[in-house]
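Right, one structure below, let's go through it.
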Amino acid sequence: MKKILVAEDTESNYLLLSIILRKEYEVCRAHDGQEAVEKFEEYQPDMILMDIKMPVMDGLEATRQIRRKGGRLPIIALTANAYDSDRDKAFKAGCDDYMAKPIMAPVLHEMIKKHFSE
Ligand SMILES: [Mg+2]
């Protein structure tokens with residue numbers, strides 16, 4: 001079973017994502033960007049779903065650090081905003097894809113499968 005690290009500070013958002021993912025994937029959580037970097041190293045996930053707005057360290061900085069450490073896994077940014085500027089920032093930080101909340105289960109599943117098949 002592939003492992004997905006979900007970096008998400010908001011409890012209800014994490015619960016929703018874990019329900020969407022847990023039948024097909026092993027799910028691990030980070031509560032902020034710093035923890036996302038630590039869990040990336042400890043847990044060696046196959047993919048990260050990265051909330052952008054998080055305390056301690058945001059998802060953009062966490063993504064930059066993971067890329068600097070050599071992480072080549074797919075990282076999908078999750079954000080409350082659908083603005084082009086946010087999308088650009090996510091791609092510049094090293095994210096492979098971008099999804100605006102609210103997260104729709106079928107769309108997320110499709111995006112995950114697409115990145116696992118690339
Ligand atoms: Mg957040």
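Counting starts at 1 for both ligands and their atoms, in listed order.
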Exercise. Any ion pair linking K113 and E110 (charged N to carboxylate O, less than 4.0 Å)?
Worked result: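 Salt bridge flag = no for K113 with E110.
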
Exercise. Could you go step by step and tell me if H115 and D97 meet the side-chain hydrogen bond (donor to acceptor under 3.5 Å, both in side chains) rule?
Worked result: CA-CA 9 Å; H115 285 284; D97 221 329; 2.6 Å; yes

Problem set entry | Check against side chain to side chain contact (heavy atoms under 4.5 Å, CB included), M111 and Y98 | CA-CA 9 Å; M111 187 178 279; Y98 179 97; over 6 Å; no

Exercise. With distance as the sole test, does K39 use its side chain to make a donor-acceptor pair with the main-chain N or O of R29 at under 3.5 Å?
Worked result: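 Flag set: sc K39 to bb R29 pair under 3.5 Å.
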
Problem set entry | Heteroatom count (protein N, O or S) under 2.8 Å of the Mg ion (ligand 1) |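 Excluding waters, the total comes to 3.
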
Problem set entry | Aromatic plane relationship, Y25 with H109 - under 30° parallel, 30 to 60° tilted, over 60° perpendicular |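 Rings of H109 and Y25: parallel, under 30°.
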
Exercise. Which atoms form the tightest heavy-atom contact between A36 and L5, and what is the distance?
Worked result: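 Taking A36 first and L5 second, the nearest heavy atoms are O-CD2, 3.7 Å.
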
